[in-house]
Colleague: 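Provided herewith is a single structure, encoded as structure tokens, for subsequent inquiry.
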Amino acid sequence: MPSPLLQHMQRFVEFINSADETIGREVVSESARFHVPFQEAPLEGFAGYMQILGMMRSAFSDVQWSLDDTVIEGDRVVASFTLRGTHDGEFLGVPATGKKIQARAMNIYRFVNGKILDETGLPDIFAIMMQIGALKPPGAQ
């Protein structure tokens, strides 16, 4: 039987893939803090996480995450994800290109009472920006 934290992570993935706010409220603490690479101050609470999802879904409306691997210790989960989607909206100032993307993310979570209290999100923004043409490979003209 999977550990309770793994079950909570699987439920979290169900939430981010569906954007179902009912599920989100089950797994995200109202006092949660989300550390993201595109903002200095952490986003907070359920509304903060919905802001992250909103940014991703406005740029990649069909984005889906697959949970590839987890390491669980105490109240912490380190999770490796693959995210896939189509760049059909603006992403970090880059207009929609229609290109398909696939990138990795390595996130660290802390759970309290079955809910995410803290997340450090480390998506491979560099890979995404390369795939949508915002950055050129070394040596490219």
Side-chain angles (χ1 to χ4, degrees), residues 1-140:
M1 174 171 217
S3 78
L5 283 184
L6 181 55
Q7 291 175 328
H8 296 310
M9 276 303 300
Q10 290 167 335
R11 189 73 168 148
F12 175 69
V13 172
E14 185 179 344
F15 159 56
I16 61 177
N17 282 332
S18 68
D20 182 329
E21 292 189 20
T22 303
I23 299 170
R25 292 184 190 287
E26 290 175 22
V27 295
V28 175
S29 170
E30 273 303 327
S31 54
R33 294 172 53 98
F34 300 98
H35 308 271
V36 293
F38 55 83
Q39 185 170 313
E40 187 174 326
L43 299 171
E44 297 189 359
F46 181 72
Y49 202 82
M50 290 308 292
Q51 188 176 340
I52 296 167
L53 271 185
M55 183 195 94
M56 288 302 294
R57 290 199 176 281
S58 69
F60 308 95
S61 63
D62 60 350
V63 69
Q64 292 289 288
W65 287 263
S66 57
L67 182 60
D68 301 323
D69 196 12
T70 57
V71 176
I72 299 171
E73 185 173 311
D75 63 355
R76 297 190 188 277
V77 176
V78 176
S80 172
F81 295 92
T82 300
L83 64 107
R84 294 173 181 85
T86 307
H87 182 220
D88 53 6
E90 184 178 309
F91 181 69
L92 298 177
V94 179
T97 62
K99 293 181 179 181
K100 299 278 186 191
I101 60 110
Q102 177 175 316
R104 305 284 310 213
M106 185 71 66
N107 297 354
I108 303 167
Y109 300 88
R110 186 164 67 93
F111 283 82
V112 172
N113 298 322
K115 292 188 174 195
I116 294 170
L117 186 62
D118 191 76
E119 176 196 65
T120 298
L122 303 167
D124 190 348
I125 300 284
F126 183 77
I128 295 170
M129 297 300 274
M130 291 287 292
Q131 291 172 45
I132 64 175
L135 301 173
K136 302 290 182 222

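All of these numbers come straight from a predicted model, not from anything done at the bench.
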Colleague: Considering residues at least two apart in sequence or located in another chain, which fulfil the salt bridge (charged side-chain N to carboxylate O under 4.0 Å, His left out) criterion with E90?
Modeller: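 If we apply the salt bridge (charged side-chain N to carboxylate O under 4.0 Å, His left out) test to E90, skipping adjacent residues, there are no hits.
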Colleague: Side chains of L53 and V63: closer than 4.5 Å at any heavy-atom pair?
Modeller: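 Heavy-atom side-chain distance check fails, nothing below 4.5 Å.
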Colleague: Taking atom CD1 of I72 and atom CG of L6, what is their separation to the nearest 0.5 Å?
Modeller: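 Nearest 0.5 Å value for the CD1-CG distance: 5.0 Å.
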Colleague: Could you grab the distance from atom CG of D75 to atom CZ of R110, nearest 0.5 Å is fine?
Modeller: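 Taking CG in D75 and CZ in R110, the distance rounds to 5.5 Å.
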Colleague: Kindly write out the residues that satisfy side chain to side chain donor-acceptor pair (under 3.5 Å) with T120, not counting sequence neighbours, or none if the list is empty.
Modeller: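 Partners of T120 by the side chain to side chain donor-acceptor pair (under 3.5 Å) criterion come out as none, since no residue qualifies.
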Colleague: Rounded to the nearest 0.5 Å, how far apart are CD1 of I101 and NE2 of H87?
Modeller: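 I101 CD1 to H87 NE2: 9.0 Å, rounded to 0.5 Å.
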Colleague: I need the minimum non-hydrogen distance between R25 and E30, along with the two atoms involved.
Modeller: NH1-OE2, 3.5 Å
Colleague: Of the non-hydrogen atoms in A79 and M9, which two are nearest, and what is the gap between them?
Modeller: CB-CE, 3.8 Å
Colleague: Is there side-chain contact between Q64 and R84, with heavy atoms separated by less than 4.5 Å?
Modeller: no
Colleague: Hey, does L5 have a side-chain heavy atom less than 4.5 Å from the side chain of T70?
Modeller: no
Colleague: Can you tell me how far CD1 of I125 sits from CG of L92, rounded to the nearest 0.5 angstrom?
Modeller: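 It is 5.5 Å, given to the nearest 0.5 Å.
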Colleague: Of all heavy-atom pairs between L67 and F81, which one has the smallest distance, and what is that distance?
Modeller: CD1-CE2, 3.8 Å
Colleague: When rounded to the nearest 0.5 angstrom, what distance separates CZ in F91 from CE in M56?
Modeller: 5.0 Å
Colleague: Output every pair passing salt bridge (charged side-chain N to carboxylate O under 4.0 Å, His left out) with a member in residues 113-124, not counting sequence neighbours, ordered by first then second residue.
Modeller: none
Colleague: Sequence neighbours excluded, which residues qualify as side chain to side chain donor-acceptor pair (under 3.5 Å) partners of R76?
Modeller: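 So R76 forms no side chain to side chain donor-acceptor pair (under 3.5 Å) with any residue.
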Colleague: For the pair H35 (side chain) and P37 (backbone), establish whether a donor and an acceptor sit closer than 3.5 Å, ignoring hydrogens and angles.
Modeller: no
Colleague: Among all residues two or more places apart in sequence or in another chain, which pass the side chain to side chain donor-acceptor pair (under 3.5 Å) test with Q10?
Modeller: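 Partners of Q10 by the side chain to side chain donor-acceptor pair (under 3.5 Å) criterion come out as none, since no residue qualifies.
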Colleague: For the residue pair F60 and L83, establish whether any side-chain heavy-atom pair is separated by less than 4.5 Å.
Modeller: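 Of all side-chain heavy-atom pairs linking L83 with F60, none is under 4.5 Å.
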Colleague: So which pairs with a foot in residues 31-42 pass salt bridge (charged side-chain N to carboxylate O under 4.0 Å, His left out), sequence neighbours left out?
Modeller: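 Checked against salt bridge (charged side-chain N to carboxylate O under 4.0 Å, His left out) - neighbours excluded - the pairs reaching residues 31-42 are R33-E44.
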Colleague: Any heavy-atom pair between the side chains of E21 and M50 that's under 4.5 Å?
Modeller: yes
Colleague: Once side-chain contact (heavy atoms from CB on, under 4.5 Å) is applied, do any residues pair with K100, and if so which ones, sequence neighbours excluded?
Modeller: D62, T86
Colleague: Is the shortest heavy-atom distance from the side chain of F111 to the side chain of L117 under 4.5 Å?
Modeller: no
Colleague: Applying side chain to side chain donor-acceptor pair (under 3.5 Å), can you list everything that pairs with S31, at least two apart in sequence or on another chain?
Modeller: S29
Colleague: Can you tell which of E14, Q7, H8 makes a side chain to side chain donor-acceptor pair (under 3.5 Å) with R11?
Modeller: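 Output: one option passes, namely E14.
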Colleague: Taking side-chain contact (heavy atoms from CB on, under 4.5 Å) as the test, write out the residues that go with V36, two or more places apart.
Modeller: F38, Q39, L43, I52
Colleague: Identify the heavy atoms of N107 and P123 that sit nearest to each other, and give their distance.
Modeller: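 Heavy atoms of N107 and P123 come nearest at OD1-N, 4.4 Å.
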Colleague: What residues, two or more places apart in sequence or in another chain, satisfy side-chain contact (heavy atoms from CB on, under 4.5 Å) together with D20?
Modeller: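 Applying side-chain contact (heavy atoms from CB on, under 4.5 Å) to D20 gives S18, T22, I23.
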Colleague: I'd like to check the ring pair (Phe, Tyr, Trp, His ring centres under 6.0 Å) partners of Y109; sequence neighbours left out, ordered by chain and number.
Modeller: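 By the ring pair (Phe, Tyr, Trp, His ring centres under 6.0 Å) rule, Y109 matches F12.
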Colleague: Between V28 and F34, what is the shortest heavy-atom contact and its length?
Modeller: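 That closest heavy-atom pairing would be CG1-CZ, 3.6 Å.
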Colleague: So do Y49 and I116 actually touch side chain to side chain, heavy atoms under 4.5 Å?
Modeller: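 Contact flag for I116/Y49 side chains = no.
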Colleague: Determine whether a donor-acceptor pair (N or O, by modelled atom type, separation under 3.5 Å) exists between the side chain of S58 and the backbone of M55.
Modeller: yes
Colleague: For R104, check side-chain contact (heavy atoms from CB on, under 4.5 Å) against everything at least two apart and list the hits.
Modeller: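 So R104 forms a side-chain contact (heavy atoms from CB on, under 4.5 Å) with D68, S80, T82.
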